[in-house]
Novice: 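Would you mind keeping the following structure in view while I ask a few things?
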Protein chains: 2
Amino acid sequence: MSKNTRQREAIREVFERTTRPLGPKDVLAAAQRALPGLGIATVYRNLKLLEEEGSLKAVHLPGDVQLYERADQMHHHFFHCRRCNRYFDIQACPGDFDRLVPQGYKLEAHELMLSGLCDTCASSQSAKKD
Amino acid sequence: MSKNTRQREAIREVFERTTRPLGPKDVLAAAQRALPGLGIATVYRNLKLLEEEGSLKAVHLPGDVQLYERADQMHHHFFHCRRCNRYFDIQACPGDFDRLVPQGYKLEAHELMLSGLCDTCASSQSAKKD
DNA sequence: ATCTCTGCAAATGTTTTGCATCAGC
DNA sequence: GCTGATGCAAAACATTTGCAGAGAT
């Protein structure tokens, strides 16, 4: 039912060029390099559409805005540095959370967010890039 | 430096009566039962203030709004039912995530969100309270 | 009396929606 | 040509801020 428009294609390509999770504003800026006339409303509409069709996955970071990443990426988590405020991928996953859920509950997914200090911020007392 | 106002007290009491995480709107509605004239701006200001003073903790659920809960609650996680859209407390915690973070990183905290179907929704094919 | 806090309303920022037009199929 | 998609602007929300007056100490 959905048509292939240049706009949607441009947005898709933005996500093929990065593995970082992106917000609407990021996507708009990146996609406008290929398609200057692109509007923010179209970005919102397509992010939602691409998520529903399964191409994108919503990422919930403890921030304000909703971020998205490619759905075909390996299952992973994030480490948030409270000092430099950056997010790092954590490929490892402890898995096996089934024993945590009560009898009768059906566990289907999980999200894990680790936080603290990254190596740079942990070693340097001075570095600060916030 | 901070004064004890009726407004702040009313907001504090809202959190003493529940263990569920609450959003600004929830807090406003609940506190207005005791203090009808209370304004939403005051709620926002006090939620932030109470978080800074350590009485409240921000909870990051995969939604839009920022929720808060009492800081003195035991460390716990949540289970989100995608069918009835409710959040359940999970008291257990797998702990020991240190081995997941790269060399040199300092792990200080973590958040875990489990999701799937709760017992009610998992057993009944019909129940739906969205 | 001082100085913080409050309520209101306006400002800001984000996301959604109505609508006329455009473009895929 | 039909029908979904786009861009714009307005609307709908959520959150923050300026300010004058009220209240706590």
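Naming: A, B, ... by sequence-line order, numbering from 1 per chain.
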Novice: Roughly how many Å is it from CG in B:Leu38 to C1' in D:dG23, rounded to a whole number?
Specialist: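 Distance check: B:Leu38 CG to D:dG23 C1' gives 15 Å.
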Novice: Does A:His110 have its ring centroid less than 6.0 Å away from the ring centroid of A:His77?
Specialist: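 Between A:His110 and A:His77, the centre distance is under 6.0 Å.
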Novice: Any donor and acceptor pair, going by atom type alone, linking the side chain of A:Asn46 with main-chain N or O of A:Val43 inside 3.5 Å?
Specialist: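 It does not hold such a pair.
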Novice: How many whole angstroms separate atom CG of B:Leu49 from atom C1' of C:dC5?
Specialist: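 Computing the B:Leu49:CG to C:dC5:C1' distance gives 10 Å.
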Novice: Given side chains that start at C-beta, do those of B:Leu112 and A:Leu100 come closer than 4.5 Å, heavy atoms only?
Specialist: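 B:Leu112 reaches A:Leu100 side chain to side chain.
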Novice: In whole Å, what is the span from the CD atom of A:Gln66 to the C1' atom of D:dA14?
Specialist: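 Nearest whole value for this atom pair: 15 Å.
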Novice: Counting N and O atoms only, with roles assigned by atom type, does the side chain of A:Ser123 sit under 3.5 Å from a partner on the main chain of A:Thr120, one being a donor and the other an acceptor?
Specialist: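 Indeed, once roles are kept as given, a pair shorter than 3.5 Å links the two residues.
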Novice: Between B:Leu28 and B:Leu47, is there shared hydrophobic-cluster membership here, with clusters defined by ILVMFWY side-chain heavy atoms closer than 4.5 Å?
Specialist: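 Same cluster: B:Leu28 reaches B:Leu47 through Ile, Leu, Val, Met, Phe, Trp or Tyr contacts under 4.5 Å.
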Novice: So that I know where these two stand, are B:Tyr105 and A:Phe79 an aromatic pair - ring centroids less than 6.0 Å apart?
Specialist: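 Yes.
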Novice: Quick one: do B:Lys48 and B:Glu51 make a salt bridge, cutoff under 4.0 Å?
Specialist: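 Looking at B:Lys48 and B:Glu51, the cut-off is not met.
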Novice: Between B:Arg82 (side chain only) and B:Gly116 (backbone N and O only), is there a donor and an acceptor less than 3.5 Å apart?
Specialist: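 No, because the side chain of B:Arg82 does not come within donor-acceptor range (under 3.5 Å) of the backbone of B:Gly116.
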Novice: Do side-chain atoms of B:Gln32 reach the backbone of B:Leu38 as a donor and acceptor pair under 3.5 angstrom?
Specialist: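 Present.
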Novice: Looking at DNA chain D, which of residues 5-12 of chain A put a heavy atom within less than 4.0 Å of it?
Specialist: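 Only A:Thr5, A:Gln7, A:Arg8 qualify.
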Novice: Under 4.0 Å between a side-chain N or O of B:Tyr44 and OP1 or OP2 of D:dT15?
Specialist: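 True: B:Tyr44 side-chain N/O within range (under 4.0 Å) of D:dT15 OP1/OP2.
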Novice: Report yes if a donor N or O on one partner sits less than 3.5 Å from an acceptor N or O on the other, where the partners are the side chain of A:Lys3 and the base of D:dT3; otherwise report no.
Specialist: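 When only heavy-atom distances are counted, A:Lys3 does reach the base of D:dT3 through a donor-acceptor pair under 3.5 Å.
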Novice: Based on the rotation axes of five pairs at each end, what angle does the helix from C:dA1-D:dT25 to C:dC25-D:dG1 bend through, to 10°?
Specialist: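 The end axes of the helix from C:dA1-D:dT25 to C:dC25-D:dG1 are about 30° apart, to the nearest 10°.
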Novice: Could you check B:Ser2 against A:Ser2 and say which one's nearest nucleotide on DNA chain C is further toward the 5' end?
Specialist: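 Result: B:Ser2.
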Novice: Using atom names, set out every protein N or O paired with an N or O of nucleotides 18-21 of chain C below 3.5 Å, distance rounded to 0.1 Å.
Specialist:
none

Novice: Rounded to the nearest Å, what distance is computed from the CD atom of residue A:Glu53 to the C1' atom of nucleotide D:dG4?
Specialist: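 It is 15 Å, rounded to the nearest whole Å.
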Novice: Describe the nucleic acid contact of B:Ile40 in one word from base, sugar-phosphate, nothing, applying a heavy-atom distance below 4.0 Å.
Specialist: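 Here B:Ile40 touches no strand at all.
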Novice: Could you state the interatomic distance from CE (B:Met113) to CZ (A:Phe97), rounded to the nearest 0.5 Å?
Specialist: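 It is 12.5 Å, given to the nearest 0.5 Å.
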Novice: Using modelled atom types only, decide if a donor and an acceptor are shared between the side chain of A:Arg70 and the backbone of A:Thr19 within a distance under 3.5 Å.
Specialist: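 Side chain of A:Arg70 to backbone of A:Thr19, a donor-acceptor pair under 3.5 Å: no, none is there.
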Novice: Below the 4.0 Å mark, does C:dT6 have OP1 or OP2 next to a side-chain nitrogen or oxygen of B:Asn46?
Specialist: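 Yes, B:Asn46 has a side-chain N/O under 4.0 Å of OP1/OP2 on C:dT6.
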Novice: Nearest whole angstrom, please: distance from the C1' of D:dA14 to the NZ of B:Lys48.
Specialist: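 Computing the B:Lys48:NZ to D:dA14:C1' distance gives 12 Å.
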Novice: Could you state the atom-to-atom distance from CG of A:Asn4 to C1' of C:dA23 in whole Å?
Specialist: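 Computing the A:Asn4:CG to C:dA23:C1' distance gives 12 Å.
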Novice: Would you mind reading off the distance between B:Leu28 atom CG and D:dT16 atom C1', rounded to a whole angstrom?
Specialist: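 Result: 16 Å.
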Novice: Measure from CD on A:Gln32 to C1' on D:dC8 and round the result to the nearest Å.
Specialist: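 A:Gln32 atom CD is separated from D:dC8 atom C1' by 14 Å.
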Novice: Decide yes or no on salt bridge (Lys or Arg N to Asp or Glu O under 4.0 Å) for B:Glu13 and B:Arg17, but give the supporting numbers first.
Specialist: CA-CA 6 Å; B:Glu13 276 177 20; B:Arg17 285 206 208 84; 3.6 Å; yes
